[in-house]
There are 2 protein chains.
Amino acid sequence: MSGPGALEPLDQAIVRELSADGRRSFTDLAERVGLSVSAVHQRVRRLEQRGVIRGYTTRLDGEQIGLPLTALISLTPNDPAAPDDYPQRLEHITEIESCYSVAGDESYILLVRVASPLALEDLLRRIREAARVSTRTTVVLSTPFEGRTPPL
Amino acid sequence: MSGPGALEPLDQAIVRELSADGRRSFTDLAERVGLSVSAVHQRVRRLEQRGVIRGYTTRLDGEQIGLPLTALISLTPNDPAAPDDYPQRLEHITEIESCYSVAGDESYILLVRVASPLALEDLLRRIREAARVSTRTTVVLSTPFEGRTPPL
DNA sequence: AGTGAAATACTCAGTTA
DNA sequence: TAACTGAGTATTTCACT
């Protein structure tokens, strides 16, 4: 089992490069990590298969794509005895970018992006109805930085 | 000014595709959005230049890269009269993946990834020292989903 | 992990609507 | 202004060493 804890130095380097620029070419990667193109290619494919690399995304400017309002929403179950299927109940709500199950006063924290305060109000209503929860919302005023490369 | 609010349908489609898979080829994109390869190429370059597309990243499995512990940290300034240069003071701390300035009781919320509880303890000490803040930490137990494609 | 070669894809002219 | 065509490069991908 090549489980958690560590990544080989070469895989580490590859993952770091791809994290910094997900569209880096194999040729480019090969030069940076000091391997042949095909060796890098093989390692990337293996990292994808192992699930170390879960996929590739694009960092978008919320304002420019028409979703200028970001918020963090804490969820508290209305019925503490209800089965914990909240993620399933929330999955279909596309405004929810991320869903974290957390320790502490609340059960879940969601990160959402919407077009306007009105859209946020509607989203909150849908979340409460879908998951039978009460919500506490923290509006994001600005995002100094986001999605930086992890310390590998 | 091609400001916020909306994106042309074609750009929208391109951005949606790239958000779902940041390594999609121009050829692939062209087919999906119904344009020639060079037209897509040009639009993507323009989206990058306009800052709609901020860059490309890789979704990584925290466990497998040796950073199994995620936490959300709320920051409250020790000296409310101090100048607000917190992001600058925190920028060099690479464990901080995202930094949000928020409305509400706290000033900032950070998303961090570390290797262990001990590493979290050390990180909190460094954050408090660097930014002169007190912290409230919420540990993430699991992540049902994260970084999903926004509703374009 | 590396080599080499075939298949794809990228990129940039110049051209057209 | 935006998109297309085509041709030369570059990259990806795979069988083999």
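In what follows, chains are A, B, ... by sequence order, proteins preceding strands, each numbered from 1. Just the heavy atoms: all of them, side chains too, but no hydrogens, waters or symmetry mates, feed the values below.
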Quiz item: Can you tell me how far P of dT13(D) sits from CD of Q49(A), to the nearest Å?
Solution: 13 Å
Exercise. Take atom CD of E121(B) as the centre, draw a 6.0 Å sphere, and report whether it contains more than 12 heavy atoms from other residues, nucleotides or ligands.
Key: no
Quiz item: Does any non-hydrogen side-chain atom of R126(B) lie less than 4.5 Å from one of E95(B)?
Solution: yes
Self-check item: Connected via hydrophobic side-chain network under 4.5 Å: Y108(A) and L72(A)
Solution: no
Quiz prompt | Residue met sooner reading DNA chain C from 5', once R23(A) and L35(A) are mapped to nucleotides | solution = L35(A)
Self-check item: D28(B) CG - dT13(D) P separation (whole Å)
Solution: 12 Å
Quiz item: With sugar-phosphate meaning primed atoms plus P, OP1 and OP2, does S38(A) contact a base, only sugar-phosphate, or nothing at under 4.0 Å between heavy atoms?
Solution: base
Exercise. Scan L29(A) against the nucleic acid and name what it touches under 4.0 Å (heavy atoms): base, sugar-phosphate only, or nothing.
Key: nothing
Quiz item: Nearest-Å distance, CG (L47(B)) to C1' (dA2(D))?
Solution: 14 Å
Self-check item: Whether S107(B) side chain and T76(B) backbone form a donor-acceptor pair below 3.5 Å
Solution: no
Quiz item: Nearest-Å distance, CG (D11(B)) to C1' (dT1(D))?
Solution: 14 Å
Quiz item: For R46(B), which residues count as a side chain to side chain donor-acceptor pair (under 3.5 Å) partner, sequence neighbours excluded?
Solution: none
Quiz item: R46(B) CZ to dT11(C) P: how many Å, rounded?
Solution: 16 Å
Quiz item: How many Å lie between CZ on R43(B) and C1' on dC4(D), as a whole number?
Solution: 13 Å
Quiz item: According to a strict under-4.0 Å criterion, is T27(B) in side-chain N/O contact with OP1 or OP2 of dC10(C)?
Solution: yes
Quiz item: How do Q42(A) and H41(B) order along DNA chain C: which one's closest nucleotide is nearer the 5' end?
Solution: Q42(A)
Practice problem: Classify the nucleic acid contact of R24(A) as base, sugar-phosphate or nothing, counting any heavy atom under 4.0 Å across all strands shown. | Solution: nothing
Quiz prompt | Spacing of L18(A) atom CG relative to dT12(D) atom P, expressed in whole Å | solution = 11 Å
Practice problem: Verify the contact: side-chain N or O of R45(A) to OP1 or OP2 of dT12(D), cut-off strictly under 4.0 Å; return yes or no. | Solution: no
Quiz item: Between R32(B) (CZ) and dA9(C) (C1'), how many Å, whole number?
Solution: 16 Å
